[in-house]
Protein chains: 2
Amino acid sequence: MLKSEKEAAETIGETVFRRIRQDIISGALPPGSKIRLEQTKERYSVSVSTLREILSRLTTENLVIAEGQRGFEVSPASRQELLELADLRILLESHAIGLSFATGDLDWEARIVAAHHKLSAIERQLLEGDASRTVDWVRYDWEFHQALVSACNSETLMATLSSVFDRFLRYHLLAESFRGKPVVDDHRRLFELAMKRDVGGARDILTRHVRNGTEHVLTSGRIR
Amino acid sequence: MLKSEKEAAETIGETVFRRIRQDIISGALPPGSKIRLEQTKERYSVSVSTLREILSRLTTENLVIAEGQRGFEVSPASRQELLELADLRILLESHAIGLSFATGDLDWEARIVAAHHKLSAIERQLLEGDASRTVDWVRYDWEFHQALVSACNSETLMATLSSVFDRFLRYHLLAESFRGKPVVDDHRRLFELAMKRDVGGARDILTRHVRNGTEHVLTSGRIR
DNA sequence: ACAGGCTAGAATTCCGATAATATGATGTTT
DNA sequence: AAACATCATATTATCGGAATTCTAGCCTGT
């Protein structure tokens, strides 16, 4: 988890991988759209081989679909998948919260305090109408939720949750609207409950948080 | 040449992907071992590009690790990961059992009956000492557990569970020994509880089932 | 020993070629 | 007009090889 010194060995594939993944999650590459290799390799300035490598990777976490001899396409968005992801996120994150709250030490608390501080600062700006910070908000939101579970002591759980979270996030970014004050309140409550190590309470808030978010995305009407 | 139709839709990459994945799970490619591209591409008769594509895919589910400019290696096995996988399997499969038991119809019951029939037939042979069937047992075991959750109605959950299951299975195959009668009894109980739609009971058995399996692997002494 | 540099081997990336397949247009039959 | 066959074009899947960069083992001189 310490990634200090030897970060220099970044390969092109790795970099572009993150870029494409980001573009899918953010909606820059819209759901269901065909990914033509010649065209896309220009866009990201990589060769076909490297591009295929990247797209292949993304198929494993279902952000991209590879069909027989028909190439790749961005995984389509469906109401059904959104509901499944919401369910899974609640399951995984609730579990992780239980583990994390039980063993978190002072460093863990500090991470949460810090993450919530940044998050709520951005949220204040958002509520005041400064929409330019939504990109930051997305990152800080994830970092806050990650901080909450960061003491769960299971790489595997964190990785799985992370993938589910990102795929869930894609639907929110497709809906293109910040849910507003209820979200901010949820985060504050989660923060307080974490400090009190109230697992049950946190789980309840989280569950509502995710379900309301899902509802919000669905009623925004951009998902079929 | 004539094209054999059913098989034509499969790409080489797909085929070899499954083969390599299988070889990792079965231990033919041992944990922690370096994967030299030139050498490995011979072994599976594919080009470097295709091989890299495949290995990249496997990194996403943590069966292979790609390190900076240092190539690929089979993900090492650790006591810690085994415990994490066990935990995650219990979490996911218990949840899926809840969903599945609630909505399973007659077809679902039939799938379980069929799967358990096959599984127990193999297990009888195994108990009588016919070790030649372990490969089949592994498949039928998974098919039985899959049948149990097959009515959970969540592709995402099934896919996640499937990956966790396989990675968990790798540890069992490394331990190289069938646990014997307790496993058979667990399966019979799970079968009966499924027919009775007893979610709580099934979850209890499953939890014990997985924990005992983990214990068995750990005491077999092949994992550091 | 050991620091530094050299070198053989690997990995990464790109490119061009080829065969197989899909797509779309065109024309023909019913 | 709908269904079907045929063919040209576009795209994919795969391969082998070349250029570049990085790694790791080895050598050498101190």
Side-chain angles (χ1 to χ4, degrees), chain A residues 3-24 29-60 62-76, chain B residues 1-24 29-60 62-76:
Chain A
K3 50 172 178 179
S4 43
E5 301 113 33
K6 314 188 65 177
E7 198 69 13
E10 263 295 302
T11 131
I12 292 184
E14 191 59 35
T15 316
V16 179
F17 169 74
R18 274 203 305 276
R19 212 141 71 79
I20 294 184
R21 189 170 187 281
Q22 187 53 42
D23 284 351
I24 291 176
L29 293 171
S33 64
K34 192 97 192 39
I35 300 178
R36 248 164 282 272
L37 295 174
E38 285 302 318
Q39 179 181 324
T40 311
K41 84 171 199 178
E42 303 298 336
R43 174 165 178 175
Y44 294 99
S45 315
V46 291
S47 69
V48 180
S49 337
T50 309
L51 179 58
R52 286 186 58 88
E53 214 176 283
I54 292 167
L55 295 175
S56 284
R57 274 212 260 177
L58 291 166
T59 60
T60 310
N62 257 295
L63 283 169
V64 163
I65 293 182
E67 233 184 328
Q69 233 85 349
R70 245 167 295 170
F72 300 91
E73 73 176 51
V74 179
S75 186
Chain B
M1 295 210 205
L2 292 183
K3 43 177 181 179
S4 55
E5 13 223 288
K6 324 291 195 230
E7 204 134 345
E10 269 292 304
T11 101
I12 293 183
E14 193 59 35
T15 317
V16 178
F17 169 74
R18 274 205 303 278
R19 211 141 71 77
I20 294 184
R21 190 170 187 281
Q22 186 53 41
D23 284 351
I24 292 175
L29 293 171
S33 64
K34 191 99 193 38
I35 300 179
R36 246 162 287 270
L37 294 174
E38 285 303 317
Q39 179 180 324
T40 312
K41 84 171 199 177
E42 302 298 335
R43 173 163 177 177
Y44 294 98
S45 316
V46 290
S47 68
V48 179
S49 338
T50 309
L51 180 58
R52 286 187 59 87
E53 218 175 279
I54 292 167
L55 295 175
S56 285
R57 275 212 260 176
L58 291 166
T59 59
T60 310
N62 257 296
L63 283 169
V64 162
I65 292 182
E67 233 183 329
Q69 236 83 348
R70 247 167 296 170
F72 300 91
E73 72 176 51
V74 178
S75 186

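Labels below follow one simple rule: chain letters A, B, ... track the order of the sequence lines, proteins then strands, and each chain is numbered from 1.
Residue V48(A) is out of contact with every strand shown, counting any heavy-atom pair closer than 4.0 Å. L51(B) comes within 4.0 angstrom of nothing in the nucleic acid, heavy atoms only. Among the heavy atoms of the strands, none lies under 4.0 Å from S56(B).
Nucleotide dT12(D) holds its C1' atom 13 Å from the NZ atom of K41(A), rounded to whole Å. Atoms CD (E38(B)) and P (dT23(D)) sit 19 Å apart, rounded to a whole Å. Here the P atom of nucleotide dT21(D) and the CZ atom of R70(B) are 19 Å apart, to the nearest Å. Rounded to a whole Å, the CZ atom of R57(B) is 12 Å from the C1' atom of dA13(D). The distance from atom CZ of R36(A) to atom C1' of dT12(D) is 11 Å, rounded to the nearest whole Å. Regarding E42(B), its CD atom lies at a distance of 11 Å from the P atom of dC15(D), rounded to whole Å. Regarding L55(B), its CG atom lies at a distance of 10 Å from the P atom of dT12(C), rounded to whole Å. Rounding to whole angstrom units, CZ of residue R52(B) and P of dT14(D) are separated by 16 Å.
The two residues E38(A) and E42(A) make their nearest non-hydrogen contact at O-CG, 3.2 Å.
With hydrogens and angles ignored, no donor-acceptor pair closer than 3.5 Å exists between the side chain of T50(A) and the base of dC14(C).
Of the candidate nucleotides dT12(D), dG16(D), dA11(C), dA11(C) has the atom lying nearest to any side-chain atom of L37(B). Listed nucleotides dC15(D), dC14(C), dA22(C) differ in distance to V46(B); the shortest reach to its side chain belongs to dC15(D). Across dT12(C), dT21(C), dT14(D), the shortest atom-to-atom separation from the side chain of Q69(A) is found for dT21(C).
Position along DNA chain C of the nearest nucleotide to K34(A) versus E53(A) favours E53(A) as the more 5'-ward residue.
Relative to the six-membered ring of Y44(B), R19(B) misses at least one condition, a distance below 6.0 Å or an angle of at most 45° to the axis.
Contact annotation: T11(B) reaches the phosphate of dT14(D) (side-chain N/O to OP1 or OP2, under 4.0 Å).
Evaluated for a side-chain contact (heavy atoms from CB on, under 4.5 Å) with L55(B), the options I35(B), T50(B), I65(B) yield exactly one hit, I35(B).
A 4.5 Å side-chain heavy-atom check between I20(B) and L51(B) finds at least one atom pair inside the cut-off.
Listed for the K41(B) side chain is no donor-acceptor partner under 3.5 Å among the backbone atoms of R52(B).
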